[in-house]
2 protein chains.
Amino acid sequence: MGATMHDVALIAGVSVKTVSNVINDYPHVRPVTRNRVLAAIAELGYRPNLTARGLRSGKTGIIGLAVPELRENYFAELADSVIRAAEKHGLGVLVEQTNGDRDTERLVISGARMHFTDGILFSPVGMGQADAPLLDVPFPLVLLGERIFNGPTDHVTMHNVSSAVATVEHLLSIGRRRIALVGAEGDDDSDASSWSLRTRGYRRALDQAGIPGNERLVRRTSHWNRAGGAAAIHEMVAEGQEFDAVFALNDALALGVLRGLQEVGLRVPEDVAVVGFDNVDESQYAVPSLTTVDPGREEIAATAVELLVERINEKGVKAPPRTVKADFHIVSRESTGAGPVPSPLVAATPRVELPT
Amino acid sequence: MGATMHDVALIAGVSVKTVSNVINDYPHVRPVTRNRVLAAIAELGYRPNLTARGLRSGKTGIIGLAVPELRENYFAELADSVIRAAEKHGLGVLVEQTNGDRDTERLVISGARMHFTDGILFSPVGMGQADAPLLDVPFPLVLLGERIFNGPTDHVTMHNVSSAVATVEHLLSIGRRRIALVGAEGDDDSDASSWSLRTRGYRRALDQAGIPGNERLVRRTSHWNRAGGAAAIHEMVAEGQEFDAVFALNDALALGVLRGLQEVGLRVPEDVAVVGFDNVDESQYAVPSLTTVDPGREEIAATAVELLVERINEKGVKAPPRTVKADFHIVSRESTGAGPVPSPLVAATPRVELPT
DNA sequence: GTGAAAGCGCTAACAA
DNA sequence: TTGTTAGCGCTTTCAC
């Protein structure tokens, strides 16, 4: 295999300590010595063995990222952001997929896999509030998303309730009154789920506007995907429900809603305005382009990595768990009547900005 | 931090070797002893230190995956498949993004980052044929995709030429004669690029059918994205070109083509049939759903991991570099007139299957 | 400013 | 069947 520090020391005619000093930029090394060492390193093509270094230092420089599935746009984009953020800290990212499966999630958290990592970013979907105690693990762990509250770990999440309020207010402001809601849910159904929080915001906004809620317009499908969104539309139309707007609790559902509306012959936004949630890249390319809530994914990723790094470097007594919420924005596009984007070459930018 | 093997040995009243034997399922351990050790392990919550093990064995159980960007659907799905395939071999996957940037790709290949990995799966986009010599690296490396031929490494790729031929033949078979082609290209433009190979197949199929090529219908945009696809349509229409089909060299371009056609008032598939390439999840949800070439992504991922594992375990003289091509299929959907999918709840399945 | 030597936690000869 | 021991390649006191 590769050359070792010892080999370098031999060729340079110095001790391994000196080689180590050079590699680690220890200041007090004579330039002559340093150059001799550098020459030897170049000559042998020496590369420090990170495994050995990891053994010594107790750190690997790798963090784990556990998400349901990379093929889901939101998580692919989240992983993208996390990898970029980690890179700035000189960290590599080991990606693990849980499939949103509770048992797999538990396994990841048990540290059974992911043992090379200095810490883990974990986006739970299958686990719920009841599993909170399991999160009290002996390694740095930061939670992404909103499934579990008041857990024993740091937690980076979004303004689910207030962004939902703002979304409905936006729909009201453009004159919509019969606003349907389409969401989904996994195994668990605690008060901390996306469904619960965003639905709460929806009801609150309607209340505040003095508009009576209509439970027939609140739809819940089994999956957070397009099929679910399209099915919800077909159901409502089949039942003869009337509505002039749909708030879909994620973009995949919203894209399905767009397709469903097209299939039943309803125009967007003329007949029905549509808003999604997540601001995945794709939402801007949909036909019509999709108005959606940008929950601050970049900020979430950067903050989460930041917190994790702090925890990794933390010594002595642990600081109490922290919760951070990213700023959100409503990105107004064609599906709520924002002037047609001039050309697909121009990326849509936020029109309405409603910080926390 | 955690307990060590030594602690376990102490509590169990045995030597570290015995503990090691138990952990590694060494057969000749008396059940009584084994149980005592297991009890001690449980009591201390002992977990083997993988870093130390890695130092000893010279392996980490981690492979690297270098792709341009996870936010590009194709690569997210590829990463998904790779992670699943790696898991079956008990390997973790460290994901690195190159942004398709030649220098970053070179850096990754230099092993500057990725130093913890036993080997790397690399999907080059910025590098080209000229960089082939750089691929002669001192660690296991398997190439994904078709940028570089006859390199010094194993290579898993797709049937670019023959699948393009089959695609055009499919369009001819449904009566289209004025078939446009929309592709893009990166820095390099060797004969091994997606553009070159797929375009070659396109021309060959037209030749074989005795249809004269029309270079005004061959469009090349700067990026493999929707904006590029939409722009190509706008250009051709502005120039007054007439065409009854578009073969887009990837799905992102094809989705942009769909949007562009809609914007200029052309119907799909009545006026223009559209075929993409990649079979990303999204293609099946587009409106209309997109006919596309499935290049065998799952198989590519599984094969690549397989080859890499073989290389990692290879001792002595290296076997010569191998090239493997995955089977492809044409997935026929609405954009070429396949009967409308009954409901978005039903995932479209391949209709036309054209193995190598 | 540089060297010698002791481990980090684990595995695998080699002994017993 | 189990124990002893020597490293894997690196960092890091502690001398010099």
Side-chain angles (χ1 to χ4, degrees), chain A residues 1-41 44-62 111 115-118 138-139 312-313 315, chain B residues 1-41 44-62 111 115-118 138-139 312-313 315:
Chain A
M1 280 271 281
T4 83
M5 234 165 87
H6 205 86
D7 302 329
V8 176
L10 228 55
I11 300 232
V14 299
S15 79
V16 289
K17 175 57 163 76
T18 304
V19 177
S20 175
N21 284 341
V22 170
I23 291 172
N24 296 297
D25 290 320
Y26 181 70
H28 307 296
V29 182
R30 260 190 311 175
V32 203
T33 319
R34 172 186 305 280
N35 288 334
R36 213 142 29 106
V37 171
L38 290 176
I41 288 178
L44 283 86
Y46 167 78
R47 305 216 142 270
N49 179 324
L50 294 194
T51 311
R53 180 178 290 175
L55 178 56
R56 252 329 294 219
S57 66
K59 280 179 195 156
T60 59
I62 298 179
H115 220 337
F116 250 101
T117 53
D118 293 336
F139 51 81
I312 290 170
N313 296 325
K315 5 191 155 283
Chain B
M1 278 273 282
T4 85
M5 233 165 87
H6 206 85
D7 302 328
V8 176
L10 228 54
I11 300 232
V14 299
S15 80
V16 289
K17 175 60 162 83
T18 305
V19 177
S20 174
N21 284 342
V22 171
I23 292 172
N24 297 297
D25 290 322
Y26 182 71
H28 308 297
V29 181
R30 258 191 313 176
V32 203
T33 318
R34 174 186 304 280
N35 288 333
R36 210 140 34 104
V37 171
L38 290 176
I41 288 178
L44 282 84
Y46 167 78
R47 306 218 140 269
N49 179 323
L50 295 194
T51 312
R53 181 178 289 174
L55 177 56
R56 247 338 289 228
S57 66
K59 280 179 194 157
T60 59
I62 298 179
H115 220 335
F116 248 101
T117 53
D118 293 335
F139 50 83
I312 289 170
N313 296 324
K315 5 191 153 279

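Order of the sequence lines fixes the chain letters, A, B, ..., with proteins taken first and strands second; residue numbering starts at 1 for each chain.
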Compare the minimum distances between each of [options] and the side chain of [X], then state the nucleotide with the smallest one.
X      : options                  : answer
L55(A) : dG9(C), dA13(C), dT2(D)  : dG9(C)
N24(A) : dT11(D), dC10(D), dG3(C) : dT11(D)
S15(A) : dC10(D), dA4(C), dG9(C)  : dA4(C)
P48(B) : dA4(C), dC10(C), dA12(C) : dC10(C)
K17(A) : dT12(D), dT4(D), dC10(C) : dT12(D)
V14(A) : dC10(D), dG3(C), dG9(C)  : dG3(C)

Measure from [atom1] on [X] to [atom2] on [N] and round the result to the nearest Å.
X      : N       : atom1 : atom2 : answer
H28(B) : dG3(D)  : NE2   : C1'   : 17 Å
H6(B)  : dG9(C)  : NE2   : P     : 11 Å
R53(B) : dC10(D) : CZ    : P     : 21 Å
L10(B) : dC10(C) : CG    : P     : 14 Å
I41(B) : dG9(C)  : CD1   : C1'   : 14 Å
D7(B)  : dC10(C) : CG    : P     : 9 Å
M5(A)  : dG3(C)  : CE    : P     : 12 Å
I23(A) : dT11(D) : CD1   : C1'   : 10 Å

From [atom1] ([X]) to [atom2] ([Y]), nearest 0.5 Å:
X       : Y      : atom1 : atom2 : answer
F116(B) : I62(A) : CZ    : CD1   : 5.0 Å
R36(B)  : R30(B) : CZ    : CZ    : 8.0 Å
K17(A)  : M5(A)  : NZ    : CE    : 9.0 Å
R53(B)  : N24(B) : CZ    : CG    : 5.5 Å
L50(B)  : S57(B) : CG    : OG    : 9.5 Å

Under 3.5 Å, is there an N or O donor on one side and an acceptor on the other linking the side chain of R56(B) and the base of dG9(C)?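 Answer no: no donor N or O sits under 3.5 Å from an acceptor.
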Show the nearest heavy-atom pair for residues V29(A) and T33(A), with the distance to one decimal.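 Smallest interatomic distance, heavy atoms only, reads CG1-CB, 4.1 Å.
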Touch class at under 4.0 angstrom, heavy-atom based, for T33(B) against every strand present: sugar-phosphate
R30(B) vs S57(B), nearer the 5' end of DNA chain D by closest nucleotide: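 Its nucleotide being nearer the 5' end, the pick is R30(B).
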Taking the nucleotide of DNA chain D with the nearest heavy atom to each, does T18(B) or S20(A) sit closer to the 5' end? T18(B)
Which angle, rounded to 10°, do you find between the first-five-pair axis and the last-five-pair axis of the helix from dG1(C)-dC16(D) to dA16(C)-dT1(D)?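 That helix gives 40° between its end axes.
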When you match R34(A) and N49(B) each to their closest nucleotide on DNA chain C, which lands nearer the 5' end?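 Checking each residue's closest nucleotide, the 5'-ward one belongs to R34(A).
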If you compare every side-chain N and O of Y26(A) against the phosphate oxygens of dT13(D) (OP1, OP2), does one of them come in below 4.0 Å? no
Backbone N/O of V32(A) and side chain of N35(A): donor-acceptor pair under 3.5 Å: no
Check whether any side-chain N or O of D118(A) sits under 3.5 Å from a backbone N or O of T60(A) as a donor-acceptor pair, and report yes or no.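 Yes.
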